[in-house]
Amino acid sequence: MRRLDARLLGGYQSGPLRLFAGPSIGYYLYNSRNFTSPDPELQAAMSALDANPKRWQASVQAGAGVTLGRLDLNVRYEWGLSPYKQSFPAPGEFPFLTRRMQQLVLEGGFQLYRRSKSK
């Protein structure tokens, strides 16, 4: 999945450690994968799984980070607040699929320059 995110994270920092949390809005870009199967039921199920979600999704993120010299490491967990439902013809009791975004994001960065400290 490809998407653009806008986050508003606030938090607390003590020395090199920091904690942060806040809301996030994601915009999903078009996802074009093609799956073909001779079985029409399998084709319908895979097409529903591969269908694009709603374009806009709301979520909440929380995480922690540490700065070690010029190296910056962060870990965030994201909970989707906006579910979306895809319907497809399938035998059985539940002919739909409900999904929510949940992901663990690991980030690493390197500072190219240091901010000068004012006296």
Side-chain angles (χ1 to χ4, degrees):
M1 249 188 243
R2 295 182 201 150
R3 72 180 191 167
L4 299 173
D5 283 334
R7 305 178 199 83
L8 182 60
L9 301 175
Y12 173 76
Q13 183 167 355
S14 176
L17 301 174
R18 64 190 162 279
L19 300 173
F20 47 87
S24 175
I25 299 293
Y27 178 75
Y28 289 90
L29 304 172
Y30 181 68
N31 187 12
S32 61
R33 289 181 284 169
N34 294 322
F35 177 82
T36 56
S37 172
D39 182 6
E41 290 178 359
L42 181 59
Q43 178 65 41
M46 292 307 294
S47 295
L49 288 170
D50 199 32
N52 285 327
K54 290 180 185 175
R55 287 288 194 202
W56 294 96
Q57 296 279 312
S59 61
V60 175
Q61 294 185 359
V66 63
T67 302
L68 304 169
R70 291 183 173 228
L71 185 62
D72 186 39
L73 301 172
N74 293 311
V75 61
R76 286 193 320 263
Y77 189 75
E78 180 176 355
W79 297 270
L81 299 175
S82 304
Y84 55 95
K85 188 183 289 188
Q86 298 290 335
S87 299
F88 57 94
E93 199 172 315
F94 302 105
F96 62 88
L97 172 72
T98 301
R99 297 191 279 181
R100 275 185 207 265
M101 175 62 74
Q102 290 188 8
Q103 64 180 352
L104 183 65
V105 180
L106 304 172
E107 294 178 331
F110 185 79
Q111 294 178 2
L112 296 177
Y113 64 93
R114 290 185 187 257
R115 184 174 23 162
S116 62
K117 295 181 182 180
S118 26
K119 296 180 180 180

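These numbers were taken from a predicted model, which means no experiment stands behind them.
Residues Leu19 and Ala64 share a closest heavy-atom pair of CD2-CB, 3.7 Å. Nearest heavy atoms, Arg18 versus Thr67: NH1-OG1, 3.0 Å. Taking every heavy atom of both residues into account, Leu9 and Phe20 meet most closely at CD1-CD1, 3.9 Å. The shortest heavy-atom contact between Gly80 and Ser59 is CA-CB, 3.9 Å. When all heavy atoms of Tyr77 and Gln102 are compared, the closest pair comes out as OH-OE1, 3.0 Å.
With hydrogens and angles disregarded, no donor-acceptor distance shorter than 3.5 Å links the side chain of Arg7 to the backbone of Gly22. Checked by atom type and distance alone, the side chain of Glu107 never pairs as donor or acceptor with a backbone atom of Gly109 at under 3.5 Å.
A single hydrophobic cluster is not seen to contain both Val66 and Val105; linkage of ILVMFWY side chains at heavy-atom distances under 4.5 Å, directly or through other members, places them apart.
Using a 4.5 Å heavy-atom cutoff, the side chains of Asp5 and Ile25 are not in contact. The shortest distance between side-chain heavy atoms of Asn74 and Leu106 does not fall below 4.5 Å. Considering only heavy atoms from C-beta on, Gln111 stays 4.5 Å or farther from Leu71 through its side chain.
Side-chain contact of Gln57 with Tyr27: a donor-acceptor pair under 3.5 Å is absent, judged by distance alone.
Around CZ of Phe110, the count of heavy atoms belonging to other residues, nucleotides or ligands within 6.0 Å exceeds 12.
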